[in-house]
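Shown next, in structure tokens, is the structure this report addresses.
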Amino acid sequence: MTGLTQKLLIGSIAAATTLAAAPAFAGSFTVSGTDYYLYDVRDSNGDGVLDQTYRNPSASLDAILAGNRSNPGGNIELFASSERAGTNFFAPQVTLSGQVGSETLTLSSLNANDWFSTGSGNNYTYSGNTLATRWFNSLLTAAGQGGIVGKALGQLAFNQFLNGGGFQRSSDPNISYIDHSAGKINIGLAGHFNMKDVYNYAFIPNGFQASEVVKYTYGGVTNYLYNFNATATGLKELSDGKSHSGNYEVSVAAIPEPSTMVGLMSLGGILAATKKRKVKAS
């Protein structure tokens, strides 16, 4: 390999690597619907540490979503009325949409059709392949109750959770950041570090962790994201002193920007040409 070719190759590799690794600007996100709360973050005791979230309708949505796992900040709660008595659980989803990479990312709250639909109607029983059954089995397993999955005790636990409004409570994701880097879209879900603060069911142990569920559409794929492992945020919500104390990070694979693909294709062409030269030389 000549010195000039080697320099060109090294330069091209560096450029393509930079394109692939650099975080892409996600742009502004917009909310569809009115049933949401914006939570800002502040230092409540003047020690220079952000430790409290509070409702602030004037908060900047882009500033809220600009955090990351080590600094989740405030959040936007979609379907904020979900936990109120008499709320319509079939209400249209509240969505958050913006450009990430070359595609639009849409994050949504859930409603009854997401949880219980079978394609031919809604099934509120502990059976079948509904999201409610799949997710609840995952919750039982994460809570150390895998032995009752699909059994009578599992049915009892499911009914308690359903009748106690557990699925509504899990339908209003609090999105604290959208961090696009290293080929992934990392999404922060603010929740409780200890779910026993919320669910006083015998099958949920003290210290148990579970996020709310967020629905996403990206690159032609629609699915649901959730997590059973939180990191402490050092934050507490003003009104109850408990909410937003845990951060649950979920991720989807990012679709690269066209410029990134061009850089990688150029790198592939250079490597292929270099390989041909080596074969000829040998």
Side-chain angles (χ1 to χ4, degrees), residues 26 29 31 33 35-41 50 52-55 59 61-83 93-98 100 105-111 114-115 131-132 134-136 138-139 142-143 166-181 184-199 204 207-218 222-237 240 242-254:
F29 277 73
V31 187
D35 189 5
Y36 66 89
Y37 291 149
L38 295 176
Y39 287 91
D40 215 335
V41 63
L50 298 175
Q52 186 179 79
T53 58
Y54 64 101
R55 281 175 56 185
L61 178 58
D62 287 344
I64 284 174
L65 298 177
N68 53 47
R69 185 174 185 175
S70 60
N71 182 29
N75 63 80
I76 175 172
E77 179 181 13
L78 308 180
F79 192 17
S81 68
S82 65
E83 299 171 17
Q93 298 147 337
V94 182
T95 63
L96 181 66
S97 298
V100 180
L105 171 68
T106 299
L107 303 175
S108 308
S109 59
L110 277 64
N111 61 23
D114 290 298
W115 288 107
L131 174 65
R134 299 194 310 270
W135 177 83
F136 192 73
S138 296
L139 181 144
F167 289 105
Q168 288 96 315
R169 280 183 170 270
S170 302
S171 299
D172 57 340
N174 294 65
I175 301 166
S176 54
Y177 59 84
I178 300 172
D179 176 26
H180 176 202
S181 59
K184 292 196 302 182
I185 306 170
N186 300 312
I187 302 160
L189 301 177
H192 290 262
F193 192 71
N194 182 1
M195 290 305 298
K196 201 66 173 180
D197 291 340
V198 181
Y199 297 129
I204 291 182
F208 178 63
Q209 296 175 339
S211 73
E212 293 161 331
V213 182
V214 63
K215 182 178 182 178
Y216 80 90
T217 298
Y218 183 69
T222 297
N223 212 331
Y224 303 90
L225 300 169
Y226 48 87
N227 195 325
F228 297 104
N229 184 26
T231 55
T233 63
L235 302 172
K236 292 182 180 179
E237 199 270 323
D240 65 13
K242 298 177 181 179
S243 297
H244 311 158
S245 56
N247 176 60
Y248 297 83
E249 186 169 278
V250 294
S251 303
V252 297

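For the numbers below, each heavy atom of this structure counts, side chains included, while hydrogens, waters and symmetry mates do not. Index from 1, following the sequence. Keep in mind that this is a model prediction, so the values were computed, not measured.
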**Message:** Test side-chain hydrogen bond (donor to acceptor under 3.5 Å, both in side chains) on Ser109 and Asp172; report intermediate values, then the result.
**Reply:** CA-CA 5 Å; Ser109 59; Asp172 57 340; over 6 Å; no
**Message:** Quick check: closest heavy atoms across Leu61 and Phe29, and the distance to 0.1 Å?
**Reply:** CD2-O, 3.3 Å
**Request:** Please step through side-chain hydrogen bond (donor to acceptor under 3.5 Å, both in side chains) for the pair Asp114 and Tyr224, ending with a clear verdict.
**Result:** CA-CA 9 Å; Asp114 290 298; Tyr224 303 90; 2.7 Å; yes
**Message:** For a 4.5 angstrom cut-off between non-hydrogen side-chain atoms, does Leu96 reach Leu65?
**Reply:** yes
**Message:** Minimum heavy-atom separation for Gly246 and Thr233, please, with both atom names.
**Reply:** C-CG2, 3.6 Å
**Request:** With rounding to the nearest 0.5 Å, note down the distance linking OG1 in Thr222 to OH in Tyr216.
**Result:** 8.0 Å
**Request:** Decide yes or no for Tyr36 and Glu77: does some side-chain heavy atom of the first lie under 4.5 Å from some side-chain heavy atom of the second?
**Result:** no
**Item:** Side chain proximity check, Ser170 to Tyr226, heavy atoms < 4.5 angstrom
**Value:** no
**Asked** Between Lys236 and Ser243, is any pair of side-chain heavy atoms under 4.5 Å apart?
**Response** no
**Request:** To the nearest 0.5 angstrom, please state how far the OH atom of Tyr39 sits from the NE2 atom of His244.
**Result:** 5.0 Å
**Item:** Heavy-atom side-chain proximity of Phe228 to Gln209 below 4.5 angstrom
**Value:** no
**Request:** Return the orientation label for the Phe167 and Phe136 ring planes: parallel under 30°, perpendicular over 60°, tilted otherwise.
**Result:** tilted
**Message:** To check you understand the geometry: which heavy-atom pair defines the closest contact between Phe193 and Ala230, and what is its length?
**Reply:** CE1-O, 3.7 Å
**Asked** Out of curiosity, Asp40 CG to Gln52 CD, how far, rounded to the nearest 0.5 Å?
**Response** 11.0 Å
**Message:** Quick check: do Asn68 and Asn186 have side-chain heavy atoms less than 4.5 Å from each other?
**Reply:** no
**Prompt:** Yes or no on side chain to side chain contact (heavy atoms under 4.5 Å, CB included) for Asp197 and Asp240, after CA distance, side-chain angles and deciding distance?
**Reply:** CA-CA 11 Å; Asp197 291 340; Asp240 65 13; over 6 Å; no
**Item:** Residue pair Tyr248, Glu212: steps toward the side-chain hydrogen bond (donor to acceptor under 3.5 Å, both in side chains) verdict
**Value:** CA-CA 9 Å; Tyr248 297 83; Glu212 293 161 331; over 6 Å; no
**Shortest non-hydrogen separation from Asp179 to Gly67 and the atoms involved** = CB-O, 4.2 Å
**Message:** Tell me which one of Thr217, Val94, Ile178 satisfies side-chain contact (heavy atoms from CB on, under 4.5 Å) with Leu107.
**Reply:** Ile178
**Prompt:** What pair of heavy atoms forms the shortest contact from Pro173 to Ser108, and how long is it?
**Reply:** CG-O, 3.9 Å
**Complete:** Gly73 and Leu235 have their tightest heavy-atom pair at O-CD1, 3.4 Å
**Item:** Stepwise side-chain hydrogen bond (donor to acceptor under 3.5 Å, both in side chains) test for Asn71 and Tyr177
**Value:** CA-CA 9 Å; Asn71 182 29; Tyr177 59 84; over 6 Å; no
**Complete:** Rounding to 0.5 Å, atoms OG1 (Thr53) and CG (Leu38) come to a distance of 12.0 Å
**Message:** So Val31 and Thr95, do their side chains get closer than 4.5 Å, heavy atoms only?
**Reply:** no
**Request:** Calculate, to the nearest 0.5 Å, the distance between atoms OG and CG belonging to Ser138 and Asn227 respectively.
**Result:** 11.5 Å
**Message:** Looking at Lys196, I'd like to know if its NZ atom is crowded, meaning that more than 12 non-hydrogen atoms belonging to other residues, nucleotides or ligands lie closer than 6.0 Å.
**Reply:** yes
**Arg69 atom CZ: more than 12 heavy-atom contacts under 6.0 Å** = no
**Request:** Report the distance from atom CG of Asn194 to atom CZ of Phe208, rounding to the nearest 0.5 Å.
**Result:** 10.0 Å
